[in-house]
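Here's the structure, in structure tokens; my notes come after.
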Protein chains: 2
Amino acid sequence: MSEDRFNDLIRGAYVQTFPPQVELITEGDTADFLHVVLSGTVELYSSWNGRETSMATVRPISTFILAATIKDAPYLMSARTAEKARIILLPSLDVRNVFEADSDFARAVVTELAQCYRAVVKTTKNLKLRTSQERLANYLLRNHRRAGGALEFDLQVEKRRLASFLGMTPENLSRAIKALRPYGVEIDGATVRITNLADLEQFARPSPLIDDYTT
Amino acid sequence: MSEDRFNDLIRGAYVQTFPPQVELITEGDTADFLHVVLSGTVELYSSWNGRETSMATVRPISTFILAATIKDAPYLMSARTAEKARIILLPSLDVRNVFEADSDFARAVVTELAQCYRAVVKTTKNLKLRTSQERLANYLLRNHRRAGGALEFDLQVEKRRLASFLGMTPENLSRAIKALRPYGVEIDGATVRITNLADLEQFARPSPLIDDYTT
DNA sequence: TTCCCCGATTGACAATTGTCAAGCGGTCGG
DNA sequence: CCGACCGCTTGACAATTGTCAATCGGGGAA
């Protein structure tokens, strides 16, 4: 990407630090800014008819609502800070201009979008093909892998949000945790300990076509 | 898009006609061809642990598995013809080359991918925020709109596939259909008649952020 | 036409998941 | 240190959804 174009992009940009639990964007609004998370975490969520569900957690360094920015369409999800977060705000207009003018940038956007698309497809498969216990088991295995294979790691999310992300109620999550104990899972507070990886994997049956978020 | 690049693209391409119920691609395989449906319909579906779910129905004229082709990654979904279908097969390598060389093409790909991404996000919201009856009601309203506002139209899909697409069993779909009768829905075979649009809409509460597939 | 096949429907029942209410326990501010 | 608050857990129960088996009924082949 050319330096000129890069400058076009950052000229109107600004960085801002937000405290936790701040609503950054509201679904349905028009996409005025592309957001880039530099530090902290952001939760994407959606509402309908008085219900709310957690859609994703965004961690540094990635963008969110890229698709809405490119299409100049309304946001499909709301976003709020989960922890204190530093975020770059890039005016959507600038992003679309550079996107039109700079083909390297356009290709980078494609790669990012393809990644996001595949991630959501995996989420849908996870929801439709698995029970809540299976979703929890595979979620734990994914975090186990993300923690570098550690058998003990922390849930990075509040349990209520995890429950919503996994598509269940907090009560149901509590019970699912207990139900996984026979398969070698101990969860105390936010600490997860896998005492029998083989049993858990046999129960969870992870699949790269659902659980590998890197491809 | 330049004529040269277009020729690069169609040089290795070929069109093929498939009978119904032919498996076109299998999830997990590498993306050798970008597929374009010219006529007929194709069903995208996924499997895990002996279960199967219908993910989408592709109608002319659109592509499928664009993301896998661009990323040179394995297919996340399998595809089979639902009806007899004519399909263009474009070698993925050619698509990636033209994508690298032709920025107009790259931008077109972005727009298409952004569209697909947003469609899957809407599907996920539909699944997580609505009960099966609500999903059916909104599915009917979407088809009602797609039929140009006609109050009587045909289900374009077998009920077993519709059930799978909506994330329920065929038995549950039968019951959901009966449960919508008080809201002015009559379904006889593949024919849907909406006798009380206002009641149905009040029950379904359609939202453009979930049900409008055009934005 | 008649029969067969297969998908749709129905009923009875089971499993899963959600709801409501109560109680527990950790954290944080005074 | 104490108490209030808030999220988590637990139990009892209800609603939703799935499973299994039987039956219905329409379309296609002989």
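Computed from a predicted structure; not experimentally measured.
The distance between atom CZ of B:Arg135 and atom C1' of D:dT16, rounded to the nearest whole Å, is 11 Å. Regarding A:Leu129, its CG atom lies at a distance of 15 Å from the C1' atom of D:dG18, rounded to whole Å. Distance A:Glu134 CD to C:dA15 C1': 13 Å, rounded to the nearest Å. If you take CG of B:Leu127 and C1' of C:dT17, they are 15 Å apart, rounded to a whole angstrom. The interatomic distance linking B:Leu162 (CG) with C:dG7 (P) rounds to 15 Å, in whole Å. Atom CG of B:Leu155 is separated from atom P of C:dA8 by 10 Å (rounded to the nearest Å). Atom CZ of A:Arg130 is separated from atom C1' of C:dT17 by 19 Å (rounded to the nearest Å). To the nearest angstrom, C1' of C:dG18 lies 17 Å from CD of A:Glu52.
For A:Arg142, the CZ atom counts as densely surrounded, since its 6.0 Å shell holds more than 12 non-hydrogen atoms of other residues, nucleotides or ligands. Applying the 6.0 Å contact sphere to CZ of B:Arg145 captures more than 12 heavy atoms from other residues, nucleotides or ligands.
With respect to B:Glu52 and B:Arg80, a salt bridge is recorded, a charged nitrogen being found less than 4.0 Å from a carboxylate O. The residues A:Asp72 and A:Arg96 are annotated as salt-bridged, a charged nitrogen and a carboxylate oxygen being separated by less than 4.0 angstrom. A salt bridge links B:Glu134 with A:Arg51: the distance from a Lys NZ or Arg NE/NH1/NH2 to an Asp or Glu carboxylate oxygen falls below 4.0 Å. A salt bridge does not link B:Glu186 with B:Arg181: none of the charged nitrogens is closer than 4.0 Å to a carboxylate oxygen.
In this pair, A:His144 and A:Phe153 present their aromatic rings tilted. The plane angle is within the 30 to 60° band.
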Apply the test side-chain hydrogen bond (donor to acceptor under 3.5 Å, both in side chains) to residues B:Thr124 and A:Thr124: give CA-CA distance (whole Å), side-chain angles for both, the deciding distance (0.1 Å), then the verdict. CA-CA 6 Å; B:Thr124 305; A:Thr124 305; 3.2 Å; yes
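B:Arg130 forms a cation-pi arrangement with A:Trp48, by the criterion of a distance under 6.0 Å to the ring centre and an angle within 45° of the ring axis.
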Classify every nucleotide of nucleotides 7-13 of chain D by which part a protein heavy atom approaches to under 4.0 Å, writing B for the base, S for the sugar-phosphate alone and - for neither, in 5'-to-3' order. SSSBBB-
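For the helix from C:dT1-D:dA30 to C:dG30-D:dC1, the angle separating the two terminal helix axes comes to 30°, with each axis derived from five pairs and the value rounded to 10°.
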